[in-house]
Amino acid sequence: MSSTLIGVGVGPGDPELVTVKGVNALRAADVVVVPVMAAADGTATGERGRAEATVLHYVPGEKVVRVVFALNERTDRGRREAAWDAAGERVVQLLAQYDRVAFATIGDPNVYSTFTYLAHTVGELVPGTVVETVPGITAMQDLAARSGAVLTEGTEPLTLVPVTAGSAVLKDALAGPGTVVAYKFGRQAAEVAEALRETGRLEDAVWGSALGLSEESIRPAAELDGEPLPYLSTLIAPARRDGVRGGKL
């Protein structure tokens, strides 16, 4: 097989945040695969995902192919892996038909992306498949720009934590010296707020969801009241700084 599978990062949701290279890759592809969530019976829910909505700003709908992933499955590993296998087989079929198949993923294809699992599955089914990626703007970059939060200065480290790994992992990161970004924390909003309070990192922290979309929400983390937030919420807890220019150099 000489076809190419290319993962294209389409950013956090705002269509204007797709890179020029990303747009060119989408348009150059023969088909663009987009992930859709699976219903209980394994079929597509019919809900248009954020990646698909972004892609449709740049390519016609007839070029888009929806492939079901268990994106919302967190407990049933067997069901999740069966969905990965089925998605991989579908993409292999497309690669047999077309020279260039793109997969659109929100954010970046190499940062907590469904594309990682797809590429791994396709590589096992058809060893030697050519896989490429086009980087995309991440939610933490977009939230930093929209909120004014500075991600890093000088020698500060930057730690990215998926809160699905547990609140203990987040607390460990917050105890460190640098900026901490938390992804996928909406369902654990109460635990996140408590971790921020316990580590003294609540005051300057900010969270956001649906960035660049009509339902966008960006708030100080101090306003977290324990109520669940959208799953794809992002938090930035900036490093502790003394306000001196270049103080961390």
Do [X] and [Y] have side chains that approach each other closer than 4.5 Å (heavy atoms only, starting at C-beta)?
X: L26; Y: V134; answer: no
X: V163; Y: Y183; answer: no
X: I236; Y: T179; answer: yes
X: D85; Y: T121; answer: yes
X: I106; Y: P12; answer: no
X: V150; Y: R241; answer: yes
X: V67; Y: L118; answer: no
X: V101; Y: D30; answer: no

Sequence neighbours excluded, which residues qualify as ring pair (Phe, Tyr, Trp, His ring centres under 6.0 Å) partners of Y98?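 Result, ring pair (Phe, Tyr, Trp, His ring centres under 6.0 Å) vs Y98: none returned.
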Is a donor on one side and an acceptor on the other found under 3.5 Å between the side chain of E156 and the backbone of E153? yes
N/O donor-acceptor pair under 3.5 Å between K184 side chain and A165 backbone: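 It does not hold such a pair.
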Going by the rule side-chain contact (heavy atoms from CB on, under 4.5 Å), which residues pair with [X] if we only count those two or more places apart in sequence or in a different chain?
X: P228; value: none
X: E198; value: K171, E194
X: A205; value: L196, A221, L235, A237

Verify the cluster assignment for [X] and [Y]: are they in a single hydrophobic cluster under the rule of side-chain heavy atoms below 4.5 Å apart?
X: L213; Y: L232; value: no
X: V32; Y: I6; value: yes
X: L170; Y: V181; value: no
X: V192; Y: Y231; value: no
X: V68; Y: V64; value: no

Residue pairs passing the ring-ring contact (aromatic ring centres under 6.0 Å, His included) test where at least one lies in residues 104-162, sequence neighbours excluded: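 Output for this query lists W84-Y117, F103-F115.
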Residue pairs fulfilling side chain to side chain donor-acceptor pair (under 3.5 Å) with at least one residue in residues 99-108, sequence neighbours excluded: R100-E132, T105-S113
Any side chain to side chain donor-acceptor pair (under 3.5 Å) involving residues 199-213? Give me the pairs, sequence neighbours left out, ordered by first then second residue. none
Work out which heavy atom in [X] is nearest to a heavy atom in [Y]; give both atom names and the distance.
X: G136; Y: P109; result: N-CD, 4.1 Å
X: A28; Y: K63; result: N-NZ, 4.3 Å
X: A239; Y: P177; result: CB-O, 3.5 Å
X: A119; Y: V131; result: CB-CG1, 4.1 Å
X: P157; Y: T152; result: O-CG2, 4.4 Å
X: G176; Y: R240; result: O-NH1, 3.7 Å

What is the distance from atom CD1 of I137 to atom CG of L17, rounded to the nearest 0.5 Å? 4.5 Å
Here the gap from S233 atom OG to R187 atom CZ, rounded to the nearest 0.5 Å, amounts to 10.5 Å
Quiz: residues 86-96 side-chain donor-acceptor pairs under 3.5 angstrom, not counting sequence neighbours:
residue : atom : partner : partner atom : Å
R90     : NH1  : Q93     : OE1          : 3.4

Hey, is CD on E16 packed in by over 12 heavy atoms from elsewhere, all under 6.0 Å? no
List, one per line, each side-chain donor-acceptor pair under 3.5 Å for residues 53-60, sequence neighbours excluded.
residue : atom : partner : partner atom : Å
T54     : OG1  : R50     : O            : 2.9
Y58     : OH   : P15     : O            : 2.5

Test side chain to side chain contact (heavy atoms under 4.5 Å, CB included) on D172 and V161 and set out the steps. CA-CA 10 Å; D172 287 344; V161 177; over 6 Å; no
Counterpart residues, salt bridge (charged side-chain N to carboxylate O under 4.0 Å, His left out), relative to E227 (two or more places apart): none
Indicate every side-chain donor-acceptor pair of residues 138-149 with a distance under 3.5 Å to a residue at least two apart or in another chain.
residue : atom : partner : partner atom : Å
T138    : OG1  : Q141    : N            : 3.4
T138    : OG1  : Q141    : OE1          : 2.9
Q141    : OE1  : T138    : N            : 2.8
D142    : OD1  : R146    : NE           : 2.7
D142    : OD2  : R146    : NE           : 3.2
R146    : NH1  : E216    : OE1          : 3.4
R146    : NH2  : D14     : OD2          : 2.9
S147    : OG   : L143    : O            : 2.7
S147    : OG   : A149    : N            : 3.3

Residue pair V33, L5: steps toward the side chain to side chain contact (heavy atoms under 4.5 Å, CB included) verdict: CA-CA 10 Å; V33 174; L5 173 63; over 6 Å; no
All side-chain hydrogen bond (donor to acceptor under 3.5 Å, both in side chains) counterparts of T133, not counting sequence neighbours: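 Partners of T133 by the side-chain hydrogen bond (donor to acceptor under 3.5 Å, both in side chains) criterion, ordered by chain and then number, come out as N110.
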